[in-house]
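Working notes, beginning with the structure itself.
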Number of protein chains: 2
Amino acid sequence: MTQINHNYTLLQGSYLFSEIAKRRTKFMQDNPNAQIISLGIGDVTRGLPDAITKAMHDAVDELSNPSTFRGYGPEQGYDFLINDIINNDYKARGIDIATNEVFVSDGSKCDVGNIQEIFSQDAVIAVQDPVYPVYVDTNVMAGRSGKFNKETNQYENIVYLKCDASNNFTPSLPDRKVDLIYLCYPNNPTGMTLSKEELKRWVDFAKANDCIILYDSAYEAFIQEADVPRSIYEIEGAKEVAIEFRSFSKTAGFTGVRCAYTVVPRELKAKDADGNAVLVNDLWNRRHTTKFNGVSYVTQRGAAAIYTPEGKAQIASIIDYYMTNAGIIREGLASLGLEVFGGVNAPYIWLKTPNGLDSWAFFDKLLSEANIVGTPGVGFGQAGQGYFRLTAFGSRENTEKAVERITKLSL
Amino acid sequence: MTQINHNYTLLQGSYLFSEIAKRRTKFMQDNPNAQIISLGIGDVTRGLPDAITKAMHDAVDELSNPSTFRGYGPEQGYDFLINDIINNDYKARGIDIATNEVFVSDGSKCDVGNIQEIFSQDAVIAVQDPVYPVYVDTNVMAGRSGKFNKETNQYENIVYLKCDASNNFTPSLPDRKVDLIYLCYPNNPTGMTLSKEELKRWVDFAKANDCIILYDSAYEAFIQEADVPRSIYEIEGAKEVAIEFRSFSKTAGFTGVRCAYTVVPRELKAKDADGNAVLVNDLWNRRHTTKFNGVSYVTQRGAAAIYTPEGKAQIASIIDYYMTNAGIIREGLASLGLEVFGGVNAPYIWLKTPNGLDSWAFFDKLLSEANIVGTPGVGFGQAGQGYFRLTAFGSRENTEKAVERITKLSL
């Protein structure tokens with residue numbers, strides 16, 4: 001028989017959200033009348049703004065007519081969208097990005113999962129702990145992780161940068177040579193951010209130590225405070241060391257519509273086997289054009305509408321809705337004496353579980369006693385043990401109801 | 001500096017269609033008044049059928065309302081679409097496929113490109129020659145190709161199965177042990193098909209030799225003749241040895257809308273490092289859920305409309321339109337004494353270049369003298385040298401005009 005990619009056998013159990021779905025389904029089967037509120041998986045709930053749906057309707061009509069029909073588009077995305085991205089997300093902030101540095105895709109999960117392919121199999125990767133599982137799992141599949149150590153709950157060849165209350169969720173610098181550093185800010189799952197000075201420390205570190213930062217900024221739209229950097233390219237020299245990932249999923253309700261983009265600056269270099277410098281942008285372009293065929297035209301038109309005056313206003317109001325939810329959760333739980341983090345510049349609230357409960361025990365307690373589904377912190381890594389993530393993406397009614405139910409628990 | 005995936009340095013030149021686009025752009029710059037007709041890249045030109053656009057409009061409306069909004073769907077696709085696929089494409093032909101064997105994706109290019117990831121890096125791959133470049137390039141990137149030999153125009157570790165007029169484009173069986181065999185029928189680029197008996201020979205070979213067939217059936221909808229198999233699973237025992245890829249791109253004008261699916265039967269097994277059998281379906285499910293986040297809901301609703309009575313009728317009429325074009329090209333060129341293949345059960349016509357011209361020389365001649373863009377056969381592999389691909393996806397007017405222009409050439 002054909003041999004499998006044996007790295008797959010090193011993967012641990014189910015993907016986190018599958019396990020949550022399984023426990024939730026089991027509970028619902030046993031308790032068919034329970035009114036479950038999900039503040040678990042980070043999925044949005046508001047409808048798409050009118051400016052976006054109008055643009056999508058128009059695009060569907062265009063496709064229905066042979067004279068305006070569009071088939072294959074550029075794999076990297078249409079210029080109309082790339083230019084909107086550059087002008088609004090970068091140029092408006094004084095950052096100079098060229099059209100061939102932006103790659104539109106069908107989701108940041110794909111991009112952050114696929115980016116490792118263009119680097120050496122020997123690359124040492126560093127991730128924050130806790131961490132979005134996709135960074136780790138895709139490197140396990142690629143053979144960069146080594147074995148999983150059940151005692152430490154970590155892979156032996158991955159460098160984990162601990163982020164917990166003891167360091168105010170600011171990751172410690174790696175204690176050995178690393179090649180690729182995944183940073184996520186505003187952070188999923190902790191909801192915390194880095195200041196410009198802290199982010200500069202990472203850019204400087206990457207420069208001094210010849211490594212590349214993979215900067216996942218999927219939650220940028222939720223930043224409320226002025227001094228929090230919205231792009232890693234706000235830091236001088238970052239274009240020489242960083243790839244930035246952005247998504248419309250949470251910004252504009254695109255979790256079911258699928259659009260994101262990745263910026264790979266032409267200044268960013270890596271080296272080939274002979275030590276010659278290679279443009280990472282060229283490698284990603286080759287990967288993207290060989291294995292991907294572009295994002296739905298209808299979706300790209302919808303994404304471009306995000307940048308119209310109407311689109312911007314409508315999105316701002318949705319972000320405001322979610323961030324009001326975040327405040328309700330944050331303040332509601334804090335008033336119960338719980339230790340809460342995040343929720344100020346991000347739609348995630350990260351709480352210390354009460355009475356030293358472990359994360360899954362608190363998950364089960366919250367599910368069975370309050371019928372609330374959240375996400376166990378330990379599912380994001382060992383440093384998340386004893387923490388728990390709630391999201392601000394529910395409806396206002398459910399968010400308020402959830403906080404009320406938690407208030408009634410004996411914690 | 002961080003090391004790159006050095007396999008990328010083994011890739012040859014640009015991706016075929018980028019090279020074509022480059023030459024075309026250059027010609028247009030030098031000849032701004034030329035009226036170019038493209039019968040090159042296999043992209044459709046008719047508008048989306050009404051049944052599909054109506055379903056897409058309805059889906060956009062659903063997303064605009066919080067009470068009907070859908071965020072993340074199942075990564076594998078919605079059941080409504082999977083059930084339509086199973087009932088229409090398989091059950092109706094007596095083939096039993098379960099819902100967890102179908103994986104909806106945003107394109108067959110992605111699926112046929114990504115499928116190799118779940119197999120061993122040591123797997124020996126066999127491809128037809130000529131071949132859709134994505135099969136080869138994605139295996140080069142993964143380190144399975146060995147070096148490129150400029151003299152043979154082939155990679156040293158890839159097994160090429162020659163398909164030319166001498167064997168009626170029926171691939172020769174591999175002359176050494178292989179693990180993964182990519183077969184594409186109806187074939188891109190030759191437009192030829194296999195009979196049931198010939199396909200059975202491959203299934204039997206895979207069984208006898210413990211290998212897996214990756215069966216790309218993206219052009220199935222164009223099959224006109226009754227005895228041509230539409231699915232590899234029409235062959236008994238194929239579920240134990242084959243993965244099948246299907247696409248809505250050409251079937252329903254989805255090249256810009258993006259939807260396809262892959263069937264991975266639960267009977268299909270491979271082995272892990274200890275020789276234990278592993279379900280390939282489980283591996284692909286893990287890959288799909290870890291690195292992909294599902295297809296746009298709007299797109300999936302559009303795809304489901306393909307299976308309604310209105311959708312079926314409208315699609316049949318578009319397929320008929322393209323196949324009439326195919327007949328016009330086929331008969332037009334044959335009447336000039338050219339040797340033509342394909343075009344009966346596929347939208348591709350594969351022609352022997354006249355007077356022993358090599359493929360790119362014929363490309364340049366056709367571009368400069370008739371202002372027609374086609375695809376050089378050698379771009380698909382060495383066995384395609386001296387052949388040329390034309391597609392039936394143009395408008396009727398352009399197709400007729402193209403044949404007329406070719407008629408006037410001195411060939």
Side-chain angles (χ1 to χ4, degrees), chain A residues 1-6 8-9 11 15 43-48 53 56-57 60 63-66 69-73 106-107 109-110 113-114 117-120 122-123 134 137-138 179-180 210-212 255-258 269-273 278 283 286 289-293 296-299, chain B residues 1-6 8-9 11 15 43-48 53 56-57 60 63-66 69-73 106-107 109-110 113-114 117-120 122-123 134 137-138 179-180 210-212 255-258 269-273 278 283 286 289-293 296-299:
Chain A
M1 270 187 286
T2 302
Q3 292 261 355
I4 67 166
N5 174 346
H6 67 86
Y8 273 61
T9 61
L11 289 162
Y15 181 63
D43 196 2
V44 297
T45 53
R46 300 296 85 200
L48 289 183
T53 53
M56 292 174 76
H57 279 303
V60 171
L63 295 185
S64 70
N65 186 333
F69 178 80
R70 306 222 193 184
Y72 292 122
D106 69 326
K109 181 178 176 183
C110 310
N114 292 329
E117 278 183 39
I118 61 172
F119 298 106
S120 162
D122 299 328
V134 171
D137 288 355
T138 54
D179 298 297
L180 301 172
D210 271 343
C211 41
I212 291 174
T255 52
V257 175
R258 315 301 316 137
K269 298 189 181 88
K271 65 178 176 191
D272 67 15
V278 176
L283 294 177
R286 185 68 196 242
T289 53
T290 302
K291 296 193 181 180
F292 182 65
N293 234 337
S296 162
Y297 176 67
V298 177
T299 297
Chain B
M1 271 189 282
T2 303
Q3 292 261 355
I4 68 166
N5 173 347
H6 67 87
Y8 274 60
T9 59
L11 288 162
Y15 182 64
D43 195 2
V44 297
T45 54
R46 301 296 84 200
L48 290 183
T53 53
M56 291 175 76
H57 279 304
V60 171
L63 295 184
S64 71
N65 186 332
F69 178 80
R70 306 222 191 185
Y72 291 123
D106 68 327
K109 181 177 175 184
C110 311
N114 293 328
E117 278 183 38
I118 62 174
F119 298 106
S120 163
D122 300 326
V134 171
D137 288 354
T138 54
D179 298 296
L180 300 171
D210 271 344
C211 42
I212 291 174
T255 51
V257 175
R258 315 301 317 140
K269 297 189 182 87
K271 65 179 175 190
D272 68 15
V278 175
L283 294 178
R286 185 66 197 244
T289 55
T290 301
K291 296 193 182 180
F292 181 66
N293 235 337
S296 162
Y297 176 67
V298 177
T299 297

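Given the structure is predicted, the values throughout are model-derived calculations rather than measurements.
Ranked by heavy-atom pairs shorter than 4.5 Å toward chain B, the options A/C110, A/A273, A/S64, A/G73 are led by A/S64. Per-residue counts of heavy-atom pairs under 4.5 Å with chain B were compared for A/T9, A/L11, A/N65; the largest is that of A/L11. Each of B/G107, B/S120, B/G113 has some count of heavy-atom pairs under 4.5 Å with chain A, and the biggest count is that of B/S120. Looking only at heavy-atom pairs under 4.5 Å with chain B, the residue among A/L180, A/V44, A/T45 that has the most is A/T45. The most heavy-atom pairs under 4.5 Å with chain A, out of B/D210, B/N114, B/I4, come from B/I4.
The pair A/D137-B/R286 meets the salt-bridge criterion, since a charged nitrogen lies less than 4.0 angstrom from a carboxylate oxygen.
B/T138 is listed as a side-chain neighbour of A/K291, based on a closest heavy-atom distance under 4.5 Å. Looking at A/E117 and B/E117, their side chains come closer than 4.5 Å, going by heavy atoms from C-beta outward. Under the 4.5 Å side-chain criterion, counting only non-hydrogen atoms from C-beta, A/Y72 is in contact with B/R258.
Within the 4.5 angstrom heavy-atom criterion, atoms from both the backbone and the side chain of A/R46 approach chain B. In this structure, chain B has heavy atoms under 4.5 Å from both the backbone and the side chain of A/N293. With a 4.5 angstrom heavy-atom cutoff, A/D272 touches chain B via backbone and side-chain atoms both. Residue contact with chain B, scored on non-hydrogen atoms closer than 4.5 Å, involves the side chain of A/F69 exclusively. Only the side chain of A/Y8 comes within less than 4.5 Å of a heavy atom of chain B; its backbone N, CA, C and O stay farther away. Interface residue B/V257: backbone and side-chain heavy atoms are both found under 4.5 Å from chain A. With a 4.5 Å cut-off on non-hydrogen atoms, B/D106 touches chain A through its side chain but not through its backbone.
Closest heavy-atom contact between B/M1 and A/K271: O-CE, 3.1 Å. For the pair B/L283 and B/I118, the tightest heavy-atom approach, listed with the atom from each and the gap, is CD1-O, 3.7 Å.
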